[in-house]
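Notes for the one structure printed next.
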Amino acid sequence: MAQTGSWSLDLKSGELEWSDEIFNIFEIDPKQFGASYEAFLNTVHPDDRKQVNEAYNKSVKERHHYQIEHRLLMSNGRIKHVQERGRTRYSESGEPLLSVGTVQDITDKRDRRAPKTVGHGF
C-alpha cells in the first residue's frame, strides 16, 4: 500500500540490491536489470539524472542524509514520481562503505496536488 521499497549500494563492489517493491515501482524485470549505480541512473528521467547524481554524491561526500524527489521515464513513455531517501555508512577511518535507503512511488500524491484545469469548450 505504501509503495515503498528498500535498496543498498556496496560502495566497494558497486553492487546494488533492490527489494521486490522497487522492481515493481520501476517496472523492471529483476533478471533484465544490471544491478549497478549506473543502471539505476539510466532508469531516472534524463532531465533529472544530473540532479539525482549530484545530490547523492554530495550526501556521501558531506556525510549527510540523502533525500530527493525525481521522475522515472517508463518504457511506454509514462512518467512516475518517486521520493528517495538514504544514508551512507562509513568505516572508522571515514571511508564510505555502504549506502542504504528507500524509494517511494509518490505519483498519485503528486497527481492529487496538481492543479486541475477545466475546459470551457469555446
Side-chain angles (χ1 to χ4, degrees):
M1 291 181 71
Q3 294 180 307
T4 302
S6 60
W7 58 268
S8 67
L9 176 61
D10 183 321
L11 297 170
K12 290 289 195 190
S13 70
E15 183 179 350
L16 176 64
E17 291 187 20
W18 279 359
S19 68
D20 290 342
E21 187 58 28
I22 291 183
F23 285 106
N24 290 335
I25 292 168
F26 283 62
E27 299 179 15
I28 294 175
D29 181 344
K31 297 176 189 112
Q32 310 250 327
F33 181 67
S36 68
Y37 181 71
E38 292 75 25
F40 154 71
L41 281 178
N42 287 332
T43 67
V44 174
H45 190 287
D47 294 342
D48 295 351
R49 284 183 191 149
K50 182 178 178 186
Q51 179 184 4
V52 169
N53 188 46
E54 287 175 354
Y56 171 72
N57 286 322
K58 182 178 179 182
S59 76
V60 173
K61 181 180 178 183
E62 296 181 3
R63 300 179 80 155
H64 62 75
H65 290 115
Y66 166 73
Q67 180 173 325
I68 192 167
E69 289 185 15
H70 65 84
R71 296 170 293 172
L72 304 175
L73 181 59
M74 302 292 100
S75 60
N76 65 2
R78 282 182 305 111
I79 303 239
K80 283 188 172 181
H81 295 266
V82 296
Q83 181 179 61
E84 295 201 39
R85 296 176 184 203
R87 60 186 165 88
T88 300
R89 297 180 185 148
Y90 300 84
S91 69
E92 288 184 18
S93 65
E95 181 181 12
L97 300 174
L98 180 72
S99 294
V100 297
T102 60
V103 176
Q104 182 176 22
D105 184 345
I106 59 168
T107 304
D108 289 342
K109 185 188 310 183
R110 286 193 51 100
D111 288 349
R112 285 192 302 269
R113 288 190 311 210
K116 304 295 185 219
T117 57
V118 177
H120 294 287
F122 291 112

Residue pair [X] / [Y]: nearest heavy atoms and the distance that separates them:
{"X": "G14", "Y": "L9", "value": "O-CD1, 3.7 Å"}
{"X": "G34", "Y": "A39", "value": "O-CB, 2.6 Å"}
{"X": "D29", "Y": "F23", "value": "C-CD2, 4.4 Å"}
{"X": "G5", "Y": "I25", "value": "N-CD1, 4.3 Å"}

What distance separates [X] [atom1] from [Y] [atom2], expressed to the nearest 0.5 Å?
{"X": "H70", "Y": "I106", "atom1": "NE2", "atom2": "CD1", "result": "9.0 Å"}
{"X": "H65", "Y": "T88", "atom1": "NE2", "atom2": "OG1", "result": "9.0 Å"}
{"X": "R85", "Y": "Q104", "atom1": "CZ", "atom2": "CD", "result": "7.5 Å"}
{"X": "S99", "Y": "Y66", "atom1": "OG", "atom2": "OH", "result": "9.5 Å"}
{"X": "L97", "Y": "S13", "atom1": "CG", "atom2": "OG", "result": "11.0 Å"}
{"X": "Q83", "Y": "T4", "atom1": "CD", "atom2": "OG1", "result": "9.0 Å"}

Could you check whether any side-chain heavy atom of W7 comes within less than 4.5 Å of a side-chain heavy atom of E84, counting everything from C-beta outward? yes
Side chains of F33 and L16 in contact at under 4.5 Å (non-hydrogen atoms): yes
Spell out, yes or no, whether L73 and I22 are grouped together once hydrophobic residues are joined by side-chain heavy atoms under 4.5 Å, including indirect joins. no
Say whether Y56 and Y90 are linked into one hydrophobic cluster, either directly or through other cluster members, by side-chain heavy-atom distances under 4.5 angstrom. yes
Backbone of H81 reached by a side-chain donor or acceptor of T107 within 3.5 Å: yes
Say whether, by atom type as modelled, one donor and one acceptor occur between the side chain of K80 and the main chain of M74 under 3.5 angstrom. no
Test: side chain to side chain donor-acceptor pair (under 3.5 Å). Region: residues 43-55. Which pairs qualify, not counting sequence neighbours? Y37-N53, D48-R71, N53-N57
Please find out if less than 6.0 Å separates the ring center of F26 from that of W18. yes
